[in-house]
Amino acid sequence: MSHTYTAVGWNPQKRRYDRTLLLCVVAALAVFGGISFARNPDTTAETLLIRSLGFTAFALLHVILSIGPLCRLDPRFLPLLYNRRHMGVTMFVLALGHGTLSFVLYHTLGVVSPIASLFGGDSGWTGFAGIPFQPLGAFALAILFVMAATSHDFWLRNLTAPVWKALHMSVYVAYGLLVLHTALGYLQSDTGPTAAIVVSLGALWLVGLHLVAARRELRLDAATGTRADGDWIDVGAVAEIPENGARTVTVAGDRVAVFRYDGRISAVSSICKHQNGPLGEGRIQDGCIVCPWHGYQYRPEDGCAPSPFTEKLPTFAVRVQHGRALVAAEPLPAGTRVEPARIDGDGVLDSRDFYVGYGAPPTPRQSRFTTRAVAMATGICLLALALVASTQRSLANSRFEFGIERTFTGKVELLPYPVLRVTRPGGGASVWMLVAQGKHGAEDLVRAHAGRAIRLRGSLVHQGEQTMIEVAPDSVVPLDAATSSLVPPPAIERLGRMTLRGEIVDSKCHLGVMNPGERRTHRACAKLCIRGGIPPMLWVEDEAGAVRRLLLVALDGTAVNEQVVDLVGDPVEVTGDVTRLDDILLLKVDPATIRRL
Amino acid sequence: MIQKLRRRHAAGFLTLAVALPVALILALAGRRQATRNATVPADPRGLATFDSSSVADIANAAVAPSTLGGSFVVGASSHYLVVAQRGEPAPDVLAYWIASIDAVATLPQDARLLGPVGSSPRRYQRPEGLGHVAFFSLAHGAVIAHALPAAN
């Protein structure tokens with residue numbers, strides 16, 4: 001307890017707690033990241049980080065939310081509760097890293113404001129499984145932020161324990177949002193159900209645990225003492241109250257802790273002023289009641305915290321009659337001194353011994369239990385993370401040479417999307433798509449040079465046999481007509497009318513700037529890219545897994561970006577005329593006929 | 001106050017107990033299914049695709065490590081060369097037939113274009129005489145691997 005505010009009241013137990021926590025978090029990140037990398041070595045570092053941070057934070061949230069009910073069911077878990085707020089802040093930091101990276105990667109550098117993209121970029125969804133999952137995560141992160149920001153005792157004291165507690169109960173809303181965020185996000189990217197099943201099992205555990213603990217609390221409340229004499233309530237035989245411990249009864253809906261110590265009986269409200277901890281489960285040390293949660297102290301006879309602290313509990317009149325403890329039905333104002341009732345005879349029972357990071361050191365048995373509990377929680381979390389990581393879908397073999405600029409020479413054509421046709425030594429030409437930095441097309445950079453040779457600098461993006469250049473600003477240099485004439489005329493072959501099923505993707509992310517750069521998880525980003533002029537492509541696959549990517553062009557040869565932007569990320573059926581131009585495929589289509597499957 | 005909070009807590013988790021299973025079942029039931037096609041357009045770079053799934057099936061296949069990581073595989077028969085890329089991707093790789101490998105970083109003037117190289121094996125007519133297969137990344141402007149195919 002403190003009466004002045006310091007950032008963290010460090011002690012050896014907190015340091016040990018935080019070291020263990022840090023170790024477990026690092027292990028979780030390493031397991032998820034390591035397995036993900038081994039499974040998909042071509043995934044981008046950002047994707048690896050986003051997923052590792054997100055799933056580790058989610059696993060940690062399960063641990064955090066399990067500790068409370070476990071302590072209600074078995075006080076031996078109390079050491080885990082002692083510094084739980086550090087665990088909560090750690091979880092928030094992980095979630096913030098996940099959220100910030102996702103926000104920057106998927107929603108910035110586009111033609112729409114990042115906030116509008118986050119909350120409106122994934123509009124036009126169909127079905128429950130298509131609900132935009134990113135806003136759910138953003139709402140949950142906002143709740144977690146409020147909780148992390150108000151986790152310090154400063155806020156607890158100024159908001160008061162009931163308000164603070166009510167505020168922090170919004171973590172359950174955040175949890176519900178995060179279950180949906182995680183399950184929907186995964187299911188919108190991967191067709192396998194493993195992650196959704198793991199998330200369901202986690203939710204089943206947590207909800208079940210809380211309901212069991214709530215049921216136990218209700219039963220405890222139902223065990224109210226019987227009225228013995230007017231406004232007095234019979235708490236039970238004095239001999240049944242452990243020495244230096246308490247018996248808790250419910251009086252008028254609130255719990256009263258009746259303590260026995262030094263041959264006397266005192267009764268105070270069982271609700272700690274700090275975080276509503278169960279004082280009745282605490283014990284008397286050095287003449288003071290000590291809360292089992294965080295060590296707040298109160299004098300049993302007047303419910304006041306020892307000077308210089310100012311917390312006060314309501315007290316209750318007590319008396320002992322025929323070996324039974326009686327407590328008044330009405331509480332006295334907080335801090336009212338009540339003369340303790342004297343006990344005749346003894347019959348002392350052993351008090352429960354537990355370790356909460358202060359006071360007496362833990363017994364070897366308690367230490368073993370705590371160690372086993374931490375090891376088991378860590379093991380279960382690592383197993384769940386390993387399972388999710390190892391069942392992620394395989395990602396494409398792609399590259400984005402970020403930060404590496406090369407010089408390229410070729411002829412600019414507008415198909416209508418800008419491409420660079422490059423002469424192959426020995427005959428023919430390769431076609432490389434051109435895009436600008438961020439989520440923008442390169443038309444503005446090269447339109448003036450259409451049909452002519454240029455030299456430019458840029459970074460390569462490539463997947464399979466398709467190549468793209470992210471053009472560096474102000475790097476385009478027009479070349480003479482002689483150089484243009486060296487590029488052979490395009491080889492055009494009409495392949496006929498076809499109906500194809502696949503997904504419309506933004507070519508830049510899909511070819512390697514993001515990996516994965518497709519499916520609904522990437523939809524908001526793809527919409528920004530396509531709105532910004534990145535060429536839209538139809539990504540199709542045959543039964544044997546052979547992949548083709550076709551640039552989508554309107555029947556009149558114009559770009560279709562605006563017409564297809566709401567269809568990206570979903571399975572679609574497209575009918576149109578397929579043309580081969582050098583080494584790329586074009587699909588001429590009436591956008592109005594594209595059908596979402 | 002604590003009773004009120006406790007009731008709110010129980011009600012919250014009862015809501016989650018009902019809502020989450022329903023939501024998860026709906027999400028699982030409505031999850032995306034794979035979309036495949038019976039046929040897709042011919043590979044625009046695949047002038048002569050080879051119908052085997054692995055070049056390693058070809059006797060005497062040579063493996064050429066790439067300077068970008070990964071490797072290229074060259075299978076050879078008396079009339080054909082089968083080439084494919086393995087591992088690390090490389091941008092716009094073309095296979096050339098070259099007489100010698102004296103200058104491996106740049107493409108010799110007399111290099112003869114065989115055709116594009118990809119992860120799917122491709123078959124090309126084997127030029128007459130002795131020579132090497134050079135793998136040239138047009139986008140990097142450099143020879144990134146070379147192999148000596150098995151003799152006829």
Side-chain angles (χ1 to χ4, degrees), chain A residues 127-129 162 165-166 169 172 176 179-180 183-184 187-188 191 193 196 199-200 203 207 210-211 214 217 221 253-255 271 276 397-399 422 424-427 430 432 460 462-465 467 495 498 500-503 519-520 540-543 546 548 550 571 578 580 583-585 597, chain B residues 1-6 8-10 12-17 19-21 23-46 53 68 87-94 96 107 109 111-120 136 138-141:
Chain A
F128 184 85
K165 197 81 179 172
M169 278 179 73
Y172 304 125
V179 168
L180 294 178
L184 290 173
L187 288 172
Q188 288 173 14
T191 50
V199 169
S200 303
V207 172
H210 276 261
L211 289 178
E217 296 295 304
D221 289 342
D254 275 322
R255 288 186 184 170
I271 313 302
N276 293 344
N397 212 359
S398 63
R399 285 287 179 279
V422 182
R424 291 174 175 173
S430 289
W432 301 341
L460 283 167
H462 58 98
Q463 181 182 154
E465 291 146 50
T467 306
L495 301 178
M498 297 187 85
L500 296 164
R501 290 179 163 209
E503 179 184 326
R519 305 209 178 176
R520 286 201 68 100
V540 299
E541 220 175 323
D542 71 7
E543 299 292 351
R548 301 285 183 270
L550 303 94
V578 181
R580 179 177 73 83
D583 60 352
I584 63 166
L585 294 168
L597 297 174
Chain B
M1 176 56 76
I2 195 74
Q3 292 294 326
K4 196 174 164 187
L5 286 175
R6 197 168 286 129
R8 196 183 299 170
H9 172 268
F13 266 90
L14 277 172
T15 308
L16 285 178
L20 287 183
L24 289 168
I25 288 167
L26 282 174
L28 265 173
R31 75 182 190 273
R32 178 191 177 118
Q33 301 300 318
T35 48
R36 296 278 173 95
N37 295 273
T39 56
V40 294
D43 187 344
R45 291 168 53 107
S53 60
L68 302 179
E88 288 288 298
D92 204 352
V93 181
L94 303 168
Y96 285 85
L107 206 57
Q109 287 291 326
R112 179 173 165 185
L113 176 64
L114 297 173
V117 182
S119 53
S120 307
F136 177 71
L138 185 61
H140 279 193

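Letters A, B, ... mirror the listed sequences (proteins, then strands); counts begin at 1. Only a predicted model underlies this, so the values are computations on that prediction, with no experimental measurement involved.
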Novice: Side chain from CB out, backbone as N, CA, C, O: work out which of these in Ser200(A) comes under 4.5 Å of a heavy atom of chain B, or both, or neither.
Specialist: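 Contact with chain B is through both the backbone and side chain of Ser200(A).
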Novice: Highest number of heavy-atom pairs under 4.5 Å with chain B: which of Leu180(A), Val540(A), Leu500(A)?
Specialist: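 When all of Leu180(A), Val540(A), Leu500(A) are compared, Leu500(A) has the most.
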Novice: Under a 4.5 Å heavy-atom cut-off, does chain B meet the side chain of Ala203(A), its backbone, both or neither?
Specialist: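 The answer is the side chain of Ala203(A).
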Novice: Judged by atom type as modelled, is there a donor-acceptor pair below 3.5 Å linking the side chain of Arg548(A) to the main-chain atoms of Val40(B)?
Specialist: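 Answer holds: no.
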Novice: Gln188(A): what forms a side chain to side chain donor-acceptor pair (under 3.5 Å) with it, not counting sequence neighbours?
Specialist: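 Expected list: none.
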Novice: Would you indicate whether the side-chain heavy atoms of Asp92(B) and His462(A) approach each other to under 4.5 Å?
Specialist: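 No, too far: nothing below the 4.5 Å cut-off.
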Novice: Is the backbone of Glu88(B) close enough, under 3.5 Å, to the side chain of Asn397(A) for a donor and an acceptor to pair up by distance?
Specialist: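 Side chain of Asn397(A) to backbone of Glu88(B), a donor-acceptor pair under 3.5 Å: no, none is there.
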Novice: Any idea which of Leu184(A), Ile584(A), Leu495(A) has the most non-hydrogen atom pairs under 4.5 angstrom with chain B?
Specialist: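 Highest number of pairs under 4.5 Å: Ile584(A).
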Novice: Answer with side chain, backbone, both or neither: which region of Ala17(B) has an atom nearer than 4.5 Å to a non-hydrogen atom of chain A?
Specialist: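 Both parts, backbone and side chain.
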Novice: Can you list everything that forms a salt bridge (charged side-chain N to carboxylate O under 4.0 Å, His left out) with Arg501(A)? Sequence neighbours excluded, please.
Specialist: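 Scan of Arg501(A) (salt bridge (charged side-chain N to carboxylate O under 4.0 Å, His left out), adjacent residues dropped) gives Glu573(A).
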Novice: Which bit of Val93(B) is near chain A, if near means a heavy-atom gap under 4.5 Å: side chain, backbone, both or neither?
Specialist: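 Neither part, no heavy atoms under 4.5 Å.
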Novice: Using non-hydrogen atoms and a 4.5 Å limit, figure out which bit of Leu94(B) sits close to chain A: side chain, backbone, both or neither.
Specialist: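 Side chain only.
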Novice: Can you name the closest pair of heavy atoms from Met498(A) and Pro41(B) and give their distance?
Specialist: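 Minimum heavy-atom contact is SD-CG, 3.7 Å.
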Novice: Assign the ring pair Tyr172(A) / His9(B) to parallel, tilted or perpendicular, where the plane angle (0 to 90°) is split at 30° and 60°.
Specialist: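 The arrangement is perpendicular - the two ring planes meet at more than 60°.
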Novice: Find the distance between CG (Leu187(A)) and CG (Leu26(B)) and round it off to the nearest 0.5 Å.
Specialist: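 One gets 11.5 Å once the value is rounded to the nearest 0.5 Å.
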Novice: Just by distance, do the side chain of Asn37(B) and the backbone of Glu541(A) share a donor-acceptor pair under 3.5 Å?
Specialist: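 The answer is yes, because a donor-acceptor pair under 3.5 Å joins these two groups.
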Novice: Relative to chain A, which segment of Ala29(B) carries a heavy atom at a distance below 4.5 Å: side chain, backbone, both, or neither?
Specialist: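 Ala29(B) has no heavy atom closer than 4.5 Å to chain A.
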Novice: Tell me, side chain or backbone of Leu20(B) under 4.5 Å from chain A's heavy atoms, or both, or neither?
Specialist: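 For Leu20(B), the contact with chain A is made by the side chain alone.
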Novice: Looking only at heavy atoms and a cut-off of under 4.5 Å, which of Gly464(A), Ala546(A), Pro425(A) has the most pairs with chain B?
Specialist: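 With the most close heavy-atom pairs to chain B, the winner is Pro425(A).
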Novice: For Leu14(B), is it the side chain, the backbone, both, or neither that has a heavy atom closer than 4.5 Å to a heavy atom of chain A?
Specialist: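 Both backbone and side chain of Leu14(B) come within 4.5 Å of chain A.
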Novice: If you count heavy-atom pairs within less than 4.5 Å of chain B, which of Ser398(A), Ser430(A), Ala214(A) leads?
Specialist: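 Of the candidates given, the most pairs with chain B belong to Ser430(A).
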Novice: So, taking the atom named CZ in Phe128(A) and the one named CG in Leu28(B), what distance separates them when rounded to the nearest 0.5 Å?
Specialist: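 With rounding to 0.5 Å, CZ (Phe128(A)) is 10.5 Å from CG (Leu28(B)).
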Novice: Supply the atom-to-atom distance Asp43(B) CG to Leu585(A) CG, rounded to the nearest 0.5 angstrom.
Specialist: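 One finds 8.0 Å between CG of Asp43(B) and CG of Leu585(A).
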Novice: Within the structure provided, determine whether Pro116(B) and Arg424(A) are in side-chain contact (heavy-atom separation under 4.5 Å).
Specialist: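 When only atoms from C-beta onward are counted, Arg424(A) and Pro116(B) do touch, with a gap below 4.5 Å.
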Novice: Where do Glu503(A) and Thr35(B) land on the side chain to side chain contact (heavy atoms under 4.5 Å, CB included) test, with the steps shown first?
Specialist: CA-CA 8 Å; Glu503(A) 179 184 326; Thr35(B) 48; 6.0 Å; no
Novice: Does any backbone or side-chain atom of Ala42(B) lie under 4.5 Å from a heavy atom of chain A? Answer side chain, backbone, both or neither.
Specialist: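 The backbone, not the side chain.
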Novice: Leu211(A) and Phe13(B): which non-hydrogen atoms are nearest, and at how many Å?
Specialist: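 Result for this residue pair: CD2-CB, 3.9 Å.
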